[in-house]
Amino acid sequence: MTATVIALRPRPVPASSARPASSYGVPGPVSVEWDEGRELYLVACRRCTETVLPARLDEAEELAEIHRCDPELAALLAEVTGEAA
């Protein structure tokens with residue numbers, strides 16, 4: 001079976017809707033990108049790998065803002081990858 005690779009290109013987002021802060025006061029691990037191939041937004045957490053594909057930007061931003069990592073999963077993934085949890 002052949003895999004198809006879809007390149008993700010961020011859709012321009014107005015500065016007022018960017019919400020990078022996390023509860024730790026540093027830029028958060030959650031990114032919001034536009035997947036042109038699927039015509040959906042991709043909300044992905046770099047810390048716990050949770051991924052959601054909402055259809056609307058406001059949904060994507062809300063999910064990114066309210067996301068909280070599972071601490072045990074984040075710690076396990078950090079240990080495996082050698083990064084900070």
Side-chain angles (χ1 to χ4, degrees):
M1 186 163 132
T2 305
T4 302
V5 177
I6 300 173
L8 298 178
R9 286 179 231 129
R11 177 178 245 182
V13 178
S16 62
S17 64
R19 297 179 182 130
S22 71
S23 59
Y24 301 104
V26 296
V30 181
S31 64
V32 175
E33 298 180 16
W34 174 248
D35 182 338
E36 219 169 287
R38 298 183 212 170
E39 295 185 350
L40 295 169
Y41 287 91
L42 173 73
V43 180
C45 178
R46 292 181 294 276
R47 189 177 294 143
C48 71
T49 70
E50 182 177 351
T51 304
V52 184
L53 299 169
R56 295 188 346 245
L57 178 59
D58 60 331
E59 291 175 350
E61 290 177 330
E62 182 179 351
L63 290 167
E65 187 174 305
I66 65 171
H67 171 74
R68 298 293 176 260
C69 294
D70 176 329
E72 292 177 1
L73 178 59
L76 177 63
L77 290 170
E79 187 175 317
V80 171
T81 62
E83 295 182 11

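These values consider heavy atoms only, across backbone and side chains, with no hydrogens, waters or symmetry-generated copies.
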### Task
Would you name the heavy atoms of Trp34 and Leu40 that are closest together and state the gap between them?
CE3-O, 3.5 Å

### Heavy-atom check, side chain of Glu72 versus side chain of Leu76, under 4.5 Å
no

### Where Val30 and His67 come nearest, the two heavy atoms and their spacing
CG2-CD2, 3.5 Å

#### Entry: Atom pair CZ (Arg68) and SG (Cys45), whose distance is rounded to the nearest 0.5 Å
10.5 Å

### Summary
Heavy-atom closest pair (Leu57 atom, Tyr41 atom, distance to 0.1 Å) is N-CE1, 3.4 Å

### Task
Taking all heavy atoms of Cys48 and all of Leu73, pick out the closest pair and write down the distance.
O-CD2, 3.6 Å

### Message
List the residues meeting side-chain contact (heavy atoms from CB on, under 4.5 Å) with Thr51, not counting sequence neighbours, and say none if there are none.
### Response
Leu42, Ala44

### Query
Out of curiosity, Arg56 CZ to Leu63 CG, how far, rounded to the nearest 0.5 Å?
10.5 Å

